[in-house]
Student: 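I have a structure here, written as structure tokens, and I will follow up with some questions on it.
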Amino acid sequence: MKLYDTMTREMRKLTAEDGMNFRFYCCGPTVYGPAHIGNFRTFVLQDVFRRVLELSGQRTRHVRNITDVDDKTIRDSQAAGKGLQNFTEAWTTKFQQDCFALNLLPPHEEPSAVAHIPQQIALIEELMGKGHAYQSEDGSVYFKVASFDHYGCLSHLDQRELRAGASGAAVADDEYEKDAVADFALWKARKAEDGDNFWLSPWGEGRPGWHLECSAMCREYLGNTFDLHSGGVDLIFPHHDNEIAQSEAATGETFARHWFHITHLMVDGGKMSKSLGNMYTLADLEERGFTANELRYVLISGHYRHPLNFTLQSMADAKKALERIGKSAEHLRDRAGELADEGGNEGMDFSAHDFVYFKKAFDSLLNDLNTPEALGRVFSELRDLKADEMSEEEASTAVKDLDFILQALGLFLSRPAEQAEIDLPAEIQALAEKRWQAKQAKEWAQSDALRDELLEKGWEVKDDKEGYELCPKS
Ligand code: AMP
Ligand code: ZN
């Protein structure tokens, strides 16, 4: 697979450094409200990326964090009158339910920032020891930008116009202006407005800076160097440049070998924002009668390196497009008769897949994740296929090849809940399995307690004689 690399500004072939797993990190959601469809453009494209790698035979290790402590989570938990943990856990659950509905493969690890404070403190200590960080008078610790030669290498800071006078200033906010060169906070000294949200550190009470959280979690789960790092384009500067500075200054090694950034989703030709009332969530679209699958279709209908304009009309068009694919697939299935795989692409073994049909569509995905071209090629091939003239074997092969492409795009034609069942978060799957075992052993109290725990995490269990089913709590 070839993919554009933000760092080198070139198309590069992807390889797994360890020869086994392609290890990659995606900056996850800040859990202070429901994720919007722009966030999901990024997460869906990262999911297609992973699917294409896996379907081309590459094993992956996918880490996506949960940002559960930063300026925004603290501010909004207080406004809601809730403890930070209660507040962020509820939004994490909502996020995971939306991911499930959108058929996103759960990451192999989904670490939360709050659960990794010691690792963050250790990283700051290393940076202090190497002279890359200093403590200011108020007790906060800052990264010394001037101590890191390559600062800004990802966003090509040296080629941009910098804000006069900004250099050398220290900035405490997690997010700051895109043209400001500033020493940024690694550790923020406790302030009255932080309330109970502080931790002990060698520099006194406080909390970590947002950029640091990702550096520490990348290291914990992927090591000093890993294969690819990803996020929306807004994260290139300062967030990702700051991550590079912190990590490489501490380890002396290359941080990420490849950088994958997804361009923003626009709505009705403009920026999405709460004040304009055009910041859609999945729930907003479901209220209007659309499905997560249709949203997924819209989000992959543009190339990730170009802005994509979302309109409600594009959702209606997606509905029609999916129906057209569905009809053609049904036609092929009819033609294949008993040879058609009734179960759709569930449980199919895709390893070493040999295409007869739809190869060009998969090639589009291998070439810089060109999802709109892949969709276009699916349609043109469906149009050109003469299903009525095919033998049962040919039709059955076409069904399998189409299933393969749909699997890569993460789209389903029917039975979405059943199909997505295999993609539950590992933690939820483990809890459900534990509850089932307890129930089999007639340990009713434990089984009930586990059922409640699942409910709290947003999942309802339904039992029948042979087993159980999990569905998102409505
Ligand atoms: P956040 O929850 O704000 O930390 O963002 C989660 C992810 O969504 C990050 O990778 C962002 O870069 C990305 N993102 C935010 N807004 C948009 C947008 N309008 N289009 C695409 N991606 C976005
Ligand atoms: Zn990050």
Side-chain angles (χ1 to χ4, degrees), residues 1-2 44-45 47-57 102-103 290-304 308 313-416 418-420:
M1 183 176 189
K2 278 190 308 188
V44 164
L45 263 299
D47 181 68
V48 178
F49 166 73
R50 171 174 160 190
R51 285 166 180 272
V52 173
L53 273 183
E54 291 183 359
L55 289 172
S56 47
L102 281 161
N103 203 20
F290 296 112
T291 65
N293 197 39
E294 287 153 11
L295 174 60
R296 184 167 175 123
Y297 186 97
V298 170
L299 295 178
I300 62 173
S301 67
H303 191 249
Y304 77 89
L308 175 66
Q313 184 57 44
S314 61
M315 288 295 291
D317 295 343
K319 194 184 270 296
K320 283 199 200 116
L322 283 161
E323 276 166 14
R324 268 165 58 206
I325 303 179
K327 265 195 196 139
S328 306
E330 217 170 291
H331 197 168
L332 284 170
R333 278 212 162 83
D334 285 347
R335 189 73 201 162
E338 291 185 356
L339 290 181
D341 174 13
E342 292 291 341
N345 51 20
E346 249 173 273
M348 265 176 74
D349 177 12
F350 287 117
S351 53
H353 187 82
D354 257 338
F355 280 103
V356 176
Y357 305 95
F358 303 106
K359 180 172 184 314
K360 279 189 169 170
F362 196 64
D363 286 345
S364 300
L365 297 176
L366 292 172
N367 185 17
D368 201 23
L369 207 62
N370 198 333
T371 49
E373 187 179 85
L375 286 171
R377 287 178 164 180
V378 167
F379 278 111
S380 57
E381 196 152 347
L382 281 175
R383 203 182 44 228
D384 296 344
L385 280 180
K386 301 215 167 13
D388 293 334
E389 295 165 23
M390 284 175 149
S391 68
E392 283 187 5
E393 283 79 9
E394 283 168 339
S396 146
T397 305
V399 167
K400 285 207 171 74
D401 289 351
L402 179 61
D403 279 345
F404 186 92
I405 284 295
L406 293 174
Q407 180 83 0
L409 297 169
L411 295 171
F412 30 70
L413 297 178
S414 59
R415 306 197 305 151
E418 281 172 57
Q419 166 146 7

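Below, each value reflects all heavy atoms present in this structure, side chains not excepted, and no hydrogens, waters or symmetry copies.
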Student: For L409, does its backbone N or O pair with a side-chain atom of R296 as donor and acceptor, under 3.5 Å?
Tutor: yes
Student: Please name the pair of heavy atoms, one in N103 and one in G410, separated by the smallest distance, quoted to 0.1 Å.
Tutor: ND2-O, 3.0 Å
Student: Is a donor on one side and an acceptor on the other found under 3.5 Å between the side chain of R377 and the backbone of K360?
Tutor: yes
Student: Considering the options T371, I300, N370, L55, which one meets the side chain to side chain contact (heavy atoms under 4.5 Å, CB included) requirement together with L365?
Tutor: T371
Student: Grab the two heavy atoms, one from A329 and one from L402, that are nearest each other, plus how far apart they are.
Tutor: CB-CD2, 3.8 Å
Student: Hey, are D403 and Q407 close enough side-chain-wise for a donor-acceptor pair under 3.5 Å?
Tutor: no
Student: Provide the closest heavy-atom pair for E294 versus K319 in the form atom of the first, atom of the second, distance.
Tutor: OE2-NZ, 3.1 Å
Student: What is the minimum heavy-atom distance between L332 and M390, and which atoms define it?
Tutor: CD2-SD, 3.7 Å
Student: Of all heavy-atom pairs between A361 and A374, which one has the smallest distance, and what is that distance?
Tutor: O-CB, 3.4 Å
Student: With a 4.5 Å limit on heavy-atom distance, are the side chains of L45 and L308 in contact?
Tutor: no
Student: To the closest 0.5 Å, what do you measure between CD (E392) and CD (E338)?
Tutor: 7.5 Å
Student: Working to the nearest 0.5 Å, report the span between CG of L299 and CG of L295.
Tutor: 4.0 Å
Student: What are the two closest non-hydrogen atoms of F379 and R324, and how far apart are they?
Tutor: CD2-NH2, 3.5 Å
Student: Hey, which of I405, L406, D363 is the one that makes side chain to side chain contact (heavy atoms under 4.5 Å, CB included) with F358?
Tutor: I405
Student: Look at the aromatic rings of F355 and F362 and report parallel, tilted or perpendicular, splitting at 30° and 60°.
Tutor: tilted
Student: Considering only heavy atoms from C-beta outward, does the side chain of Y297 approach that of L375 to under 4.5 Å?
Tutor: yes
Student: To the nearest 0.5 angstrom, please state how far the CZ atom of R333 sits from the OG atom of S396.
Tutor: 10.0 Å
Student: Counting heavy atoms not belonging to K359, are there more than 12 under 6.0 Å from its NZ?
Tutor: no
Student: Pairing donors with acceptors under 3.5 angstrom, does anything connect the side chains of D368 and Y304?
Tutor: yes
